[in-house]
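In what follows, chains are A, B, ... by sequence order, proteins preceding strands, each numbered from 1.
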Protein chains: 2
Amino acid sequence: MEGKSVAARIHDAIHRLTPAEKRAARGLLGAYPTLGLAPVAEFGQQAGASSATVLRFVSQLGYKSYPDFQRALRDELEERAKSPLQRGQSASASASDDNFLDRFVSQAAGNLRGTAGLIPPSEFEAVCQRIAEAKGQCYLGGGRFTDFLAGYMEAHLRLIRPGMRRFDGRPATRADQMIDVRPGDTAILFDVRRYDPSLLEAAGELAARRAQIILITDEWMSPVSRYAKLVLPCRTALDRTWDANGSLFTLVEAIIARVTELAWPIASKRIGSIEPGGVP
Amino acid sequence: MEGKSVAARIHDAIHRLTPAEKRAARGLLGAYPTLGLAPVAEFGQQAGASSATVLRFVSQLGYKSYPDFQRALRDELEERAKSPLQRGQSASASASDDNFLDRFVSQAAGNLRGTAGLIPPSEFEAVCQRIAEAKGQCYLGGGRFTDFLAGYMEAHLRLIRPGMRRFDGRPATRADQMIDVRPGDTAILFDVRRYDPSLLEAAGELAARRAQIILITDEWMSPVSRYAKLVLPCRTALDRTWDANGSLFTLVEAIIARVTELAWPIASKRIGSIEPGGVP
DNA sequence: TCAATACTGAAATCTGAATTTCAGAAAATC
DNA sequence: GATTTTCTGAAATTCAGATTTCAGTATTGA
């Protein structure tokens, strides 16, 4: 009884319902689930029944209160949003059936699109400008796996601006590097679940030293966000055991590209001085 | 101003928001639109802000009350439910116009799709099986930037199978590690342009020692392919100065996922012995 | 036709959620 | 480093919406 969808409960209960209650049921099924998320009075009006009737209807469904019923609807909605395959079953189902790579890739593409929706353009822009300004030092660090993203990012940004530094190795050595951190410095941290406690600690220390923290994380939001000035959350969910960090990687590349654009006057000189052939 | 989606209003307003209000904004974007349909108190708690802050956030968005804001969300939801087919075009058409991140991301998604088309399923499968078999050693290495991909891949595969080794550091030290290579070993090499001459050299050496080379490269095909048994080319083209390696990264994750699947009987034991909590 | 019963919605009540206030904390500015 | 300003959440207040009551209306069965 507990884990049943509201729609299913309606179907179970419909024969027990009185005429006015049935109107409520029909109304809800017709505008599902939005009508149920409205206040009782509106629900009633839309469905052609009184508030009292709607309430009786909801209680017939087995919910002990109207808010309780609404919570169930919200949970359902959330559930549906999370599952990656709610639309286009025919198209994607046939394509994905046999081919692992195709299926994986289309999920990754979905995460990418989701990420673009999750990050406000102005937030992205603010991050890039902060990096391109090249004021003070810019530190980078990540967790067990994400550390490689930090490394990749550093390898690129190093070419573009001075003052890039990476927290290398284990928490122990981190403390040494902290002493150099000064107010106004920037720190780019990567943290996805399961979130790294030592990184949280490091973030606290950085915040205490007035460094501005840029956090790149997943949709469940690392606790580091507490200390971060700017947060870029990425969609990483996958229908398998582990999450996928591809969206973080692409975000990193987007940042690199944008920062390069912004800092071009300086960057072009730096790059030119390294690669005598010039820039392709 | 009237007919604007809530998400759009958030994007407009986000730079005016205070830190705590931004937490509310991100919380909502992360669980859109369900969180906004919950009572203020719950919204606040979920997003890590107080009710008062959530209210201020909502009013920044231009709604004169919380119920008013919720009505807007419900209307949007209803709208979306009514027209199941014309999602996307209005959103993506206007978005790609001015928005750097969206544009970048949609190119990256295109590369992803292109990559799936470029790689024959059988080739992909062969690579994964080769790795999952776990016969002999498996070496990893890459160029200046792609080395981080090798690192990322190793960090994961290390959990799944024994015998993972990474070529660390500069060409000089590489020679040392070569002496351990035996016939039947596997080497996974990453090489995108401009192709790394030292990697080509290493590949030659590996081939001479009868190691089987798996090459992950771009669509212009590294010269290493000369020595490789299996080649996975990825689309990396971009309409800007540099190429994007996001598709390589996602390919790496796809391989990891598939290998995990194939090697599950062994992998689950290994992982269980490291993380006492077991696999999520 | 007349009870007897079930159903319904208007109005009263009452609970719980939205809103406002305010004092302390944090950040920015000088 | 001190001062001003802004930001924030806890607590008080207000208000809207959920719940209950009850009288009127429809329905059923004799």
Produce the list of close N/O pairs, under 3.5 Å, pairing protein atoms with atoms of nucleotides 15-21 of chain C; give distances to one decimal.
from, atom 1, to, atom 2, distance (Å)
C/dA18, OP1, B/V40, N, 3.4
C/dA18, OP2, B/V40, N, 3.0
C/dT19, OP1, B/Y66, N, 3.2
C/dT19, OP2, B/Y66, N, 3.1

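- Checked against side chain to side chain donor-acceptor pair (under 3.5 Å), A/T115 has no partners two or more places apart in sequence or in another chain.
- Seen from the ring of A/F69, A/R9 does not count as a face-on cation partner, given the 6.0 Å and 45° thresholds.
- Summarising the geometry, the separation between CD on A/Q60 and C1' on D/dT19 is reported as 16 Å, rounded to the nearest angstrom.
- No more than 12 heavy atoms of other residues, nucleotides or ligands sit less than 6.0 Å from atom CD of B/Q45.
- Distance A/Y63 OH to D/dT19 P: 14 Å, rounded to the nearest Å.
- Taking atom CD on A/Q45 and atom P on D/dA18, their separation rounds to 14 Å, with Å as the unit.
- A/E133 CD: more than 12 foreign heavy atoms inside a 6.0 Å radius.
- Remark: side-chain polar atoms of A/Q60 are not paired, donor with acceptor, to backbone N or O of A/I10 under 3.5 angstrom.
- A/S50 has no side-chain polar atom (N or O) that falls below the 4.0 Å cut-off from OP1 or OP2 of C/dT8.
- Across the protein-nucleic acid pair, B/R71 atom CZ and D/dA16 atom C1' stand 13 Å apart, rounded to whole Å.
- Among all heavy-atom pairs drawn from A/A203 and A/Y227, the shortest one is CB-CD1, 3.9 Å.
- Within residues 18-33 of chain B, the residues having any heavy atom under 4.0 Å from DNA chain D are, by residue number, B/T18, B/P19, B/A20, B/R23.
- In the displayed structure, A/E76 atom CD is contacted under 6.0 Å by more than 12 heavy atoms of other residues, nucleotides or ligands.
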Query raised in the report: What do the steps show when you test B/E78 against B/R74 for salt bridge (Lys or Arg N to Asp or Glu O under 4.0 Å), and what is the final call?
Result: CA-CA 6 Å; B/E78 181 110 23; B/R74 286 203 310 277; over 6 Å; no
